[in-house]
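Okay, structure first, notes after.
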Amino acid sequence: MEHKPQDYRDVRGEYAPAVYSALERHLPPSLLDANREIKLQIMRDVLGHYWPHGERNKVQRHREYRQRILNHYKPLHKDLYNMRPSKFFLPTFLEAIRTNTEESFRSIMTEPIPGVYAFPMLQPGFCEMLLQEVENFEKWVHAMKFKIMRPNTMNKYGAVLDDFGLEVMLNQFMEQFIAPMSTVFYPEVGGGTLDTHHAFVVEYGKDRDVELGFHVDDSEVTLNVCLGKQFSGGELYFRGIRCENHVNSETQHEEMYDYSHVPGRAVLHRGRHRHGARPTSSGLRINLLLWCRSSVFREMKKYQKDFSGWCGECKREKKERQIHAVKATKLAFLRSAGGATI
């Protein structure tokens with residue numbers, strides 16, 4: 001426990017850097033001071049025993065797919081591929097992050113329902129550059145007759161930003177600008193241990209996806225920012241936070257909320273916050289999604305049965321159990337008191 005693991009944040013591959021840092025503590029004492037590459041190889045061998053062969057092949061195929069894109073795709077806006085905070089973010093947002101307190105975050109936010117935060121975030125110039133870059137990538141894919149991997153199983157349009165070179169910048173985006181807020185507002189779902197992400201854009205409108213069904217995200221924390229363009233409709237509707245056991249449970253009235261998108265404005269919420277998107281009735285709406293994940297939280301969650309710290313239905317069930325317990329205690333006391341009087 002006194003051993004300080006080496007820094008693995010620069011290691012890219014099958015596992016999140018936090019996994020190596022955690023596992024290093026369990027190496028034989030004689031290896032703790034060994035060369036980092038030696039320790040990495042040993043840990044990868046160990047982890048390989050617990051990772052199904054089919055999953056390894058899937059990851060390898062995706063890695064090869066991404067490398068083919070990186071070898072041939074020519075970026076339109078090279079400035080997008082390196083973090084440039086003053087060019088990407090609004091001054092009010094940057095000041096809130098620099099101060100790094102709950103008060104500074106709340107000063108730029110609204111919280112219309114518990115756990116959902118909305119705030120102005122992106123510069124119009126950044127939104128426009130990213131829209132142009134995505135459009136350029138999609139034209140290139142079409143011209144090359146290259147099969148594009150879509151963001152998820154629900155969206156038929158859009159692109160994974162990590163696949164064409166934006167992964168490093170977006171990882172900084174998460175670590176430097178989302179993690180500070182998540183640490184404050186979502187500690188119970190791994191907000192303080194975010195270590196991987198999935199970043200993509202989605203497109204809604206005529207000849208695109210029209211709406212998005214009721215679902216939860218494969219993330220601990222989700223950032224959703226509207227990039228544009230001109231559109232009407234497309235509101236997000238929220239319907240309460242649920243664990244796996246209660247994902248289809250009834251929605252309470254106080255959990256209902258509709259959010260209207262504004263270009264450059266972000267909404268931050270837990271991945272387990274059930275939501276969907278209403279039809280985009282006209283125009284074209286394009287949004288940036290950043291699914292932020294915590295490998296530590298996901299591992300710990302495997303051994304938990306009660307999620308009353310964040311699941312709305314677990315909270316209600318726990319409250320009901322407490323009420324029944326109090327009633328039972330009072331009844332037992334009254335019975336015993338009555339017996340003593342007799």
Shared hydrophobic cluster, [X] / [Y] (ILVMFWY, side-chain heavy atoms < 4.5 Å):
| X | Y | result |
| --- | --- | --- |
| V19 | L40 | yes |
| L289 | Y237 | no |
| L290 | L90 | no |
| M83 | V225 | yes |
| V184 | V116 | no |

Side chain of [X], backbone of [Y]: donor and acceptor closer than 3.5 Å?
| X | Y | answer |
| --- | --- | --- |
| H269 | V267 | no |
| S232 | S281 | no |
| Q230 | G283 | no |
| S107 | S104 | yes |
| R274 | V247 | yes |
| R36 | D7 | yes |
| Q123 | C127 | no |
| R242 | N248 | no |
| E24 | Q6 | yes |
| N136 | Q132 | no |

Check [X] against [Y] and note the closest heavy-atom contact, atom names and distance.
| X | Y | result |
| --- | --- | --- |
| C311 | H246 | SG-ND1, 3.7 Å |
| V201 | L227 | CG1-CD1, 4.1 Å |
| A266 | Y259 | O-OH, 3.9 Å |
| S308 | K318 | OG-CD, 3.5 Å |
| R25 | P5 | NH2-CD, 3.7 Å |
| P75 | Y81 | CB-CE1, 3.5 Å |

Say you draw a straight line from [atom1] of [X] to [atom2] of [Y]; how long is it, rounded to the nearest 0.5 Å?
| X | Y | atom1 | atom2 | answer |
| --- | --- | --- | --- | --- |
| E320 | Q322 | CD | CD | 10.5 Å |
| H3 | H26 | NE2 | NE2 | 11.0 Å |
| F307 | N245 | CZ | CG | 7.0 Å |
| H273 | H275 | NE2 | NE2 | 9.0 Å |
| I178 | I97 | CD1 | CD1 | 7.0 Å |
| T196 | L194 | OG1 | CG | 8.5 Å |

Heavy-atom check, side chain of [X] versus side chain of [Y], under 4.5 Å:
| X | Y | value |
| --- | --- | --- |
| Y186 | E220 | no |
| E313 | E317 | yes |
| F231 | C226 | yes |
| L130 | L166 | yes |
| C243 | W310 | yes |
| L31 | I42 | yes |
| R106 | F185 | yes |
| R239 | M256 | yes |

Taking [atom1] in [X] as the centre, count heavy atoms belonging to other residues, nucleotides or ligands within less than 6.0 Å. Is the count above 12?
| X | atom1 | value |
| --- | --- | --- |
| Q304 | CD | yes |
| M300 | CE | no |
| K301 | NZ | yes |

Please list every donor-acceptor pair under 3.5 Å in which a side-chain atom of residues 167-177 meets a protein atom from a residue at least two apart or in another chain.
unit_1: E167; atom_1: OE1; unit_2: R66; atom_2: NH1; d: 3.0
unit_1: N171; atom_1: OD1; unit_2: H197; atom_2: ND1; d: 3.3
unit_1: N171; atom_1: ND2; unit_2: E175; atom_2: OE2; d: 3.2

The side-chain contact (heavy atoms from CB on, under 4.5 Å) partner of L288 among L131, V202, L161 is L161
From the list F88, F126, F89, side-chain contact (heavy atoms from CB on, under 4.5 Å) with M121 holds only for F89
**Message:** Using the rule given for side-chain contact (heavy atoms from CB on, under 4.5 Å), can you reason through R68 versus M144, listing the C-alpha separation, both sets of side-chain angles and the distance that settles it, and then say yes or no?
**Reply:** CA-CA 12 Å; R68 286 201 304 274; M144 296 289 290; over 6 Å; no
Any salt bridge between [X] and [Y], counting N to O under 4.0 Å?
| X | Y | result |
| --- | --- | --- |
| R316 | E255 | yes |
| R98 | E95 | yes |
| E135 | K139 | yes |
| R298 | D218 | yes |

query: Does the pair V189 and R272 meet the rule for a side-chain contact (heavy atoms from CB on, under 4.5 Å), with working shown?
result: CA-CA 9 Å; V189 293; R272 299 298 309 185; over 6 Å; no
Across all chains, not counting sequence neighbours, the salt bridge (Lys or Arg N to Asp or Glu O under 4.0 Å) partners of E128 are none
From the list S294, S295, S21, side chain to side chain donor-acceptor pair (under 3.5 Å) with D195 holds only for S295
- Are N224 and T222 linked by a side-chain donor-acceptor pair shorter than 3.5 Å? no
Taking the six-membered ring for Trp, are [X] and [Y] parallel (under 30°), tilted (30 to 60°) or perpendicular (over 60°)?
| X | Y | answer |
| --- | --- | --- |
| Y20 | Y8 | tilted |
| H198 | F200 | tilted |
| W140 | F137 | parallel |

**Q.** Derivation and outcome, side-chain contact (heavy atoms from CB on, under 4.5 Å), residues F119 and M181
**A.** CA-CA 12 Å; F119 50 95; M181 295 185 291; 3.8 Å; yes
Requested in this report: Take S182 and C292, measure what side-chain contact (heavy atoms from CB on, under 4.5 Å) needs, and give me the verdict at the end.
Outcome: CA-CA 10 Å; S182 298; C292 306; 5.9 Å; no
